[in-house]
Amino acid sequence: MKILIKNTTIITLNKSRMLLKDSNIVIEDQLISYIGDKVLPDSDYDRVIDGSNRVIMPGYINAHTHFYSSFAKGIGGIASSESFMEVLENMWWKLDKGLRLEDTYYSALTAIMDGIKNGVTTFIDHHASPYAVTNSLPEIAKAVERMGVKACLCYETSDRDGVDIKDAGILENFSFIENNKNPNIIGLIGLHASFTLSDKTLEEIVAKNTNNYGYHIHVSEDKADELDANKKYKTSVVERLHKYGIVNKRSILAHCVNISEKDRQIIKDNDGMIVHNPESNLNNAVGISDVLSQVNDGILVGIGTDAMTNKMGNEMRIALWLQHLKHKNPSCGFMEIASLLLENNAKIANRLWNTDKFGVIKEGNYADIIMLDYDPITPLNEDNIMGHIVFGIAEANVVTTISNGKILWHNNQFEDFIDQHQINKHSRELAKKVWERI
Ligand SMILES: [Zn+2]
């Protein structure tokens, strides 16, 4: 399939050449094969897209999410929660126990469709389904393949549901990583959080991880995680994980809301990656993470949504306003926070996939591309691109999403191979049963 997008404005996010106007992009075999202003005949291409009055950017990467949360929309009968721990107990640890393999598959399909509509082409997911652990990751991988996106998957190992489920979780992670054949999909070793993992379990996982796979874990999301580590192990969460070698350059530490300066130094010294999830932190009332200090310390910090949304531009804006509020300064952190989404998420993906093809529109890179309905009403030039992105493009409608060189969403509609309403209908039937089970 050869695709031509013509007469368009390209925000490449390539620092040496950020903006191209009245330009064309050619996509072939999952990659960008040409960008420039050469006149190209339509007849040479299988699909030709007119990109005039629109803006092209690299597809978004959601660096921390939970597909399995899809069936929580509109759920009733959940006791109101007074704390983060009660949110887990009353809501997420009930919902995830209701999931069977087919629910996991449909949760993933619907979450990915929502991502595609909003321009997300790469997802870093963290899965839980304690009563259907075995084969849950291959089910999600099937959904990722069917939708045509990229994803990094893991199963959240935990001691919270007993030894058998813990054992199944460990096995699921290793077995998925070692059997997965699709280069668009990778795996990490999933861990829930310090407060649900005993020393014995951490020792067991680390001993088994002789190939040094990276980890994906919730870290210091709420103060309760720190209190637990302090009480049981006389240490901070980051120090505890560091002791096991879990803080390393292949590991994602989601949240890090309540970490100390010393913890930041450990993460920096070991090149760990933090993923900030501002909307989720607000919703769970766990605090405002000091992302600016993390970035200024030289830590690679990306941005995810923790399944609250797939609107990455809005998530970035919320992250920025929160830093303004935290530091009581309405102009702090503009470039640093915009970079979480526009630069650092690609660095994270490049590191995890062991490539350099994410995040920049240039020849030879992955053809993961979005087209946004943005016809600037003020001059757009090399020097003010970030201002246009944060105050305009971040909220613009995604009209086209191309992933792995394939059109998934165009002119605000899914391509024929994605039967959205059929999938939604079956998903509603499954969700009803899940709700009845929990
Ligand atoms: Zn999470």
Enquirer: Strictly below 4.0 Å, N to O, side chains only: are R264 and D297 in salt-bridge contact?
Expert: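 Looking at R264 and D297, the cut-off is met.
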Enquirer: Are K249 and R351 packed together at the side-chain level, in the sense that at least one heavy-atom pair is separated by less than 4.5 angstrom?
Expert: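 Yes, side chains in contact.
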Enquirer: Less than 4.0 Å between a side-chain N and a carboxylate O, is that true for K425 and D419?
Expert: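 Salt bridge flag = no for K425 with D419.
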Enquirer: What I want to check is whether the side chains of H126 and Y68 have a donor and an acceptor closer together than 3.5 Å.
Expert: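 Judged by distance alone, the side chains do not pair up.
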Enquirer: Which of these passes side-chain contact (heavy atoms from CB on, under 4.5 Å) with Y215: I252, N173, N209?
Expert: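 Single side-chain contact (heavy atoms from CB on, under 4.5 Å) partner of Y215 among I252, N173, N209: N209.
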Enquirer: Determine, for E395 against K311, whether the closest basic-nitrogen to carboxylate-oxygen distance falls under 4.0 angstrom.
Expert: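 Result for this pair is no, no salt bridge flagged.
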Enquirer: Would you call D271 and R250 a salt bridge, using N to O less than 4.0 angstrom?
Expert: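 A salt bridge is absent here (no side-chain N lies under 4.0 Å from a carboxylate O).
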Enquirer: Please determine whether side-chain hydrogen bond (donor to acceptor under 3.5 Å, both in side chains) holds for the pair T104 and E139, giving the CA-CA distance in whole Å, both sets of side-chain angles, and the decisive distance to 0.1 Å.
Expert: CA-CA 7 Å; T104 291; E139 283 298 310; over 6 Å; no
Enquirer: Are E415 and R47 ion-paired here, with the side-chain N under 4.0 Å from a carboxylate O?
Expert: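 Salt bridge present between E415 and R47.
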Enquirer: Could you point out which residue of L13, I25, D368 forms a side-chain contact (heavy atoms from CB on, under 4.5 Å) with I361?
Expert: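 One option only clears the test, and that one is I25.
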Enquirer: Test side-chain hydrogen bond (donor to acceptor under 3.5 Å, both in side chains) on H216 and H218 and set out the steps.
Expert: CA-CA 7 Å; H216 187 175; H218 295 108; over 6 Å; no
Enquirer: Using a 4.5 Å cut-off on heavy atoms from C-beta on, say whether the side chain of I303 contacts that of N345.
Expert: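 A side-chain contact under 4.5 Å exists here.
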Enquirer: Is it true that E343 and K347 make a salt bridge, defined as a side-chain N closer than 4.0 Å to a carboxylate O?
Expert: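 Yes, this pair counts.
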